[in-house]
Amino acid sequence: MHSNLSSARFAIGSSPLGVFAVVASDKGVAAILFGASRPDILADLRRRFEVLPQEDAKGLATLLQQAAAMITDPRRSVALTLAPRGTKFQRQVWDALRQIPPGRTASYADVARRIGSPRAVRAVAQACAANPIAIAIPCHRVVRSDGAAGGYRWGAKRKAMLLAAEAAL
DNA sequence: TATTCCTGTCCTG
DNA sequence: CAGGACAGGAATA
């Protein structure tokens, strides 16, 4: 991961799932990240981007609000232009994830089949873990074939909360 | 139940 | 460059 556009900006907000950041370039949303605290998020941004994006709370206020709305109610999907950086394989996986509607789940094996690599189940899990845009690329909707929730980059607790919120109709 | 193999990417030595 | 780890899972014994 090495998104590195000089135009990248970020803003930090809070949600029921904790502090989060949105990062956007002129090409769209580059990242939505959770963290334990503001410093924790800044450290994550430094790790992910060669050049730390500039903070722009005012310019990204609308986007921040949209992201917060999606986190609060994942069933409400906001149309955002996404610009995640990743390998071809990773983008294939992420595109497949975006086809899983709110309230539904798919197994890692389902996703592997969908992208035409039915045996790449483990690689799919790895690509999910590398997803830089939480919520908007719904990696939390990918669960294990045996019914277990599977892991989550930002903690099993957040995954469980998201799935519970989406299941409640 | 435990082993083995599969897959793509990243990290470490 | 080699080997291990990883948010998994099917096949095999």
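Letters A, B, ... mirror the listed sequences (proteins, then strands); counts begin at 1. For clarity, every value in this text was computed on a predicted model and none was experimentally measured.
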Participant: Quick one: does F34(A)'s side chain get under 4.5 Å of I71(A)'s, heavy atoms only?
Facilitator: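 SC-SC contact between F34(A) and I71(A) confirmed.
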
Participant: Is S117(A) reaching over with its side chain to a backbone N or O of R119(A), donor-acceptor style, under 3.5 angstrom?
Facilitator: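 No; judged by distance alone, with no hydrogens or angles, the pair does not exist.
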
Participant: Without decimals, in angstroms, what is the distance between Y108(A) OH and dC6(C) P?
Facilitator: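 The answer, rounded to whole Å, is 14 Å.
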
Participant: Using 4.0 Å as the upper bound for N to carboxylate O, is an ion pair formed by D44(A) and R48(A)?
Facilitator: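 Counted as a salt bridge, because a side-chain N and a carboxylate O are separated by less than 4.0 Å.
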
Participant: Does T87(A) make a side-chain N or O approach to OP1 or OP2 of dT9(B) shorter than 4.0 Å?
Facilitator: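 So the side chain of T87(A) is within the cut-off, an N or O lying under 4.0 Å from OP1 or OP2 of dT9(B).
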
Participant: Hunt down any stem DNA chain C takes part in, defined as 3 or more consecutive Watson-Crick or G-U pairs whose two distances are each under 3.5 Å.
Facilitator: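 So far as stems of 3 or more pairs are concerned, DNA chain C shows B:1-6 with C:8-13, B:8-13 with C:1-6.
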
Participant: What interatomic distance, in whole Å, is found between C1' of dA7(C) and the corresponding atom of dA2(B)?
Facilitator: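 Their C1' atoms lie roughly 22 Å apart.
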
Participant: Give F89(A) one of three labels, base, sugar-phosphate or nothing, depending on what nucleic acid heavy atoms sit under 4.0 Å from its own.
Facilitator: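 The residue F89(A) makes sugar-phosphate contact but no base contact.
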
Participant: With a 4.5 Å limit on heavy-atom distance, are the side chains of F20(A) and I135(A) in contact?
Facilitator: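 No, every pair of side-chain atoms sits at 4.5 Å or beyond.
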
Participant: On the nucleotide dC6(B), are OP1 or OP2 found under 4.0 Å from the side-chain N or O atoms that R122(A) carries?
Facilitator: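 No, outside the criterion.
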
Participant: Which residue, V22(A), L97(A), L82(A), L80(A), forms the side chain to side chain contact (heavy atoms under 4.5 Å, CB included) with I133(A)?
Facilitator: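 For I133(A), the side chain to side chain contact (heavy atoms under 4.5 Å, CB included) test succeeds with only one of V22(A), L97(A), L82(A), L80(A), which is L82(A).
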
Participant: Return the OH to SG distance between Y108(A) and C128(A), rounded to the nearest 0.5 Å.
Facilitator: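 Rounded to the nearest 0.5 Å, the OH-SG separation comes to 5.5 Å.
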
Participant: Can you tell me, in whole Å, how much space there is between the P of dA5(C) and that of dT4(B)?
Facilitator: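 These two P atoms come out 15 Å apart once rounded.
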
Participant: Atom OH of Y152(A) and atom P of dG8(C): how far apart are they, to the nearest Å?
Facilitator: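 Answer to the nearest Å: 15 Å.
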
Participant: Tell me which residues in residues 110-121 of chain A lie within less than 4.0 Å of DNA chain C, going by non-hydrogen atoms.
Facilitator: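 Hits under 4.0 Å, by residue number: V121(A).
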
Participant: Using the side-chain hydrogen bond (donor to acceptor under 3.5 Å, both in side chains) rule, pick out the option among K159(A), R158(A), E166(A) that qualifies with H140(A).
Facilitator: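 When K159(A), R158(A), E166(A) are each tested with H140(A), the side-chain hydrogen bond (donor to acceptor under 3.5 Å, both in side chains) holds only for E166(A).
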
Participant: Nearest-Å distance, CZ (R158(A)) to P (dA7(C))?
Facilitator: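 Spelled out: CZ on R158(A) to P on dA7(C) is 16 Å.
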
Participant: Does any part of the side chain of V23(A), heavy atoms only, come nearer than 4.5 Å to the side chain of V29(A), both counted from C-beta?
Facilitator: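 No, every pair of side-chain atoms sits at 4.5 Å or beyond.
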
Participant: Go through D110(A) and S107(A) one step at a time and tell me if the side chain to side chain donor-acceptor pair (under 3.5 Å) criterion holds.
Facilitator: CA-CA 5 Å; D110(A) 288 336; S107(A) 71; 3.2 Å; yes

Participant: Could you tell me how far apart D146(A) (CG) and dT1(B) (P) are, to the nearest whole angstrom?
Facilitator: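 That distance rounds to 13 Å.
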
Participant: Report the distance from atom CG of N131(A) to atom C1' of dT9(B), rounded to the nearest whole Å.
Facilitator: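 Going from CG in N131(A) over to C1' in dT9(B) covers 15 Å.
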
Participant: When you get a sec, tell me which of dA7(C), dC6(C), dT9(B) is the closest nucleotide to the side chain of C128(A)?
Facilitator: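 Of all the options, the side chain of C128(A) is nearest to dA7(C).
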
